[in-house]
Amino acid sequence: MKRAQALTLLGSAALAGCGGGGSTQTIAIGSKNFTEELIIGEIYALVLEQQGFKVNRKLNLGGTEIAQAALVRGDIDLYPEYTGTALIDVLKLPVQHDAAAIYSTVKSAYEQKFQLTWLDPAPFNDSQGLATTKAIAAKYNLKTLSDLSRAASQLRLGSIPEFVKRPDALPGLQKAYGGFVFKDIKLFDIGLKYKALLSGAVDVVVAFTTEGALSSDDLVVFVDDKHFWPTYQVAPVIRQATLKAMPAIATHLNKVAPNLSDATMRELNNMVDGTQKRDAADVAREFVKTHGLV
Amino acid sequence: MTYLFGHFGIVAQLAGEHLALVATALVIALAIAFPLGILAARSERVSTLTLGALGALYAIPSLALLVLLVPILGLGFWTAVVALVTYAQMLLVRNIAIGLRSVPAAQIEAAKGMGMTSAQRLIRVEIPYALPIVVGGLRIATVSLIAIATVAAFINAGGLGTLIFAGIHQDDPQRTIAGSMGAAALAIVADAFFRTLERRLRA
Amino acid sequence: MAGVGVRYPGSATPAVHDVSLTIPTGELAVFLGPSGCGKSTLLRTINRLIEPTDGTIHVDGTEVRALDAVQLRRRIGYVIQAVGLFPHLTIAQNIAVVPELLNWPKAKIDARVDELLALVRLEPARYRARLPRELSGGEQQRVGVARALAAEPSIILMDEPFGAVDAIVRATLQDEVCRIHRTLGTTIVFVTHDVDEALKIADRIVVMNTGTIVQADTPLAMLTKPASPFVAQLLDAGDTIRRLGLIGVAQAMRAEIVAQSTVTVDAKATLREALSALLGGIERIDVLRDGARIGSIGFDDVRRATSAA
């Protein structure tokens, strides 16, 4: 069945090439299973549906490896991925720091290795980071990761398990900045770390820079003054065969990208993860309406 | 609890998907496990090899197994079923082999002496004797599969995992609780069903 | 059986070596010997649970190897020490196994089950629908015997069938086997290491040692004329107490009524009983027949009778 579908896509390339405009081809859109991906995946789906494409949603995929495997195999035609993740986790290349350089590296590597390509990236950067409360930052006079690396021995870190192991996380920070030996490290599930910080159980937490919780005025993210982390910009990764068959997809999704700034993304995430607990699909629908994408 | 009562229809639908995954996997798993279990019961070498291999498969974390399967089988229901069948094999084959081996030598000797062929012995004596142990394995396998089937959500195969993981990632305990309670309810019902069956068979 | 031998692979000495034996139809033959003498192995060659490596075996005139082993076994009853009833089947279903394998009509099977339950003295109405574990060890072995008889076999093989039941039940079951043997006239081949059991039930005892037949004879002949020191020792032919059990008081007593003793012994009793009465502390006791004193017996009479026998 899957093979038949792939053949159909290739077969329709010629038709779509001359005809242009609205197509009735079905596009399978995937996303990983955390809030930001769910929102962006749904936004892609809504935009393409508006343009007359039929969309089959396969959101909620359990991680980069599964999404990537499904995309290569043709079970999905596209999904939102982060440039930094592609660079380090998929391609296993060394860390780079220039956003444009990372984008062009992963785009050409994907085209060569996987017959996949990247459409335009959104400007927001959902990087890893460390965050604390305004009160603690003021008390210890902390602004940058350099400040924090020296004060770490007096502070307790609230972490997610992989952060203490991955080379692009705590071990890398210790190499790049020196110091970063915390008084204590407590491990939490990703959804619970801000509660731990606000309740005073820990002093510093691992953060992802577009997390909804960070839109709170009480929290601050340390500045990565030595540019340790790559940028994590999101963009649709798409099968080249699909794009050849339906080149209009690029035009439509590239219109979405500029609307996703750091602030917008945090706000969208917060509507789902924060106190409102709205459905990701709902939030996505409101977003495409207010930004005139439908 | 509020989510569960507010969205009972959704929870019930996901529970239905969950059950379909587990039931399909169990039927296929049994069809494979019976011949394997019979072979494993007959030969020590086959037993060591089979149970060793199945034990190794059983030890693969579920997410890692899905990562291995998706490039070959893609996303969806049947890939999840294959993963569940894989996990069930170990428990089923082991119990079938143990059950068949536990048949007392006297019964086998008597069956032979009375002129049963080896097929008749298997069907009339060995399998009936082993059945409570096999059902015990089936019970453990079912409860395990109900738990493991939550990861079907990772590959777009539906089930209660959809709700549980949405709740975890969204920091919304209501969804996690609703999904977990659904899975727990399925497990409790399945456990009670097979326990009763086991008791009937032993009686 | 002619020149039958069984050699297990990887074993230097054969389990059974060059055994030739004819068991006439209707005989109750007992294979007797110490454990490891090959008696069970020899028994199991008859229904081909063990294939002999040498020699031939004929059952009812047909060489067993000319028959399909499965078909052969359905014609031969088989009773083992551990009984081996099938726990998931009722008593009636257990007895019906071989008739069902032989595709008997259901009505005939049902009638046969009731007939057999009655024969082994288990009331059909009470026992038919029970499960094996609801029965005592002795009752289970009665069912084992009934099951072996189910398809009217011409031969029944019994491999130490009463080794696992207590002495009282064992004695009862031995009586039952003798009774059934008398009633049905079925040929029975019975394996035991229990000398008393062999002496009690056998038409003929086949004593075996290290895989060969040492002596085959009637119990009486074997006790009085053991062919070798091994047989004498096995049967304890020199054991006076055992011999006491085979000699009647009437044969040893004197006609004089001496003692007017309060302790007496019946003329139909054996010397064994007379001796235990004497050991009560009196030199001589009177012998009764139908309640009347007809003579007396003392230690000297017992001694004389046993040394003569």
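Worth knowing before you read on, the calculation uses all heavy atoms, side chains too, and leaves out hydrogens, waters and symmetry mates. Proteins come first, then strands; the chains are lettered A, B, ... in the order of their sequence lines, and each starts at number 1.
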TODO: Please report the C-alpha distance between A/N60 and B/N156 in whole Å, then the side-chain angles of each, then the deciding distance to 0.1 Å, and finally whether the side chain to side chain contact (heavy atoms under 4.5 Å, CB included) criterion is met.
DONE: CA-CA 7 Å; A/N60 255 328; B/N156 201 50; 5.6 Å; no

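The neighbour count for A/E65 CD, taken as heavy atoms of other residues, nucleotides or ligands under 6.0 Å away, does not exceed 12. Within 6.0 Å of CZ in A/F114 there are more than 12 heavy atoms belonging to other residues, nucleotides or ligands.
Minimum interatomic distance between A/I66 and B/F154 (heavy atoms only, all atoms of both residues): CG2-O, 3.7 Å. The heavy-atom pair separating B/R175 from A/K277 by the smallest distance is NH2-O, 3.9 Å. Summarising the geometry of A/A69 relative to B/V70, their closest heavy-atom pair is CB-CG1, 3.7 Å, with the distance given to 0.1 Å.
The line from CG of A/N33 to CD1 of B/I155 is 12.5 Å long, rounded to the nearest 0.5 Å. Separating the CD1 atom in B/I72 from the CZ atom in A/R73 is a distance of 9.0 Å, to the nearest 0.5 Å.
For A/L59, the part lying under 4.5 angstrom from a heavy atom of chain B is the backbone only. Neither the backbone nor the side chain of A/V72 comes within less than 4.5 Å of any heavy atom in chain B. Only the side chain of A/K195 has a heavy atom closer than 4.5 Å to any heavy atom of chain B.
Per-residue counts of heavy-atom pairs under 4.5 Å with chain B were compared for A/G212, A/A280, A/A70; the largest is that of A/A70.
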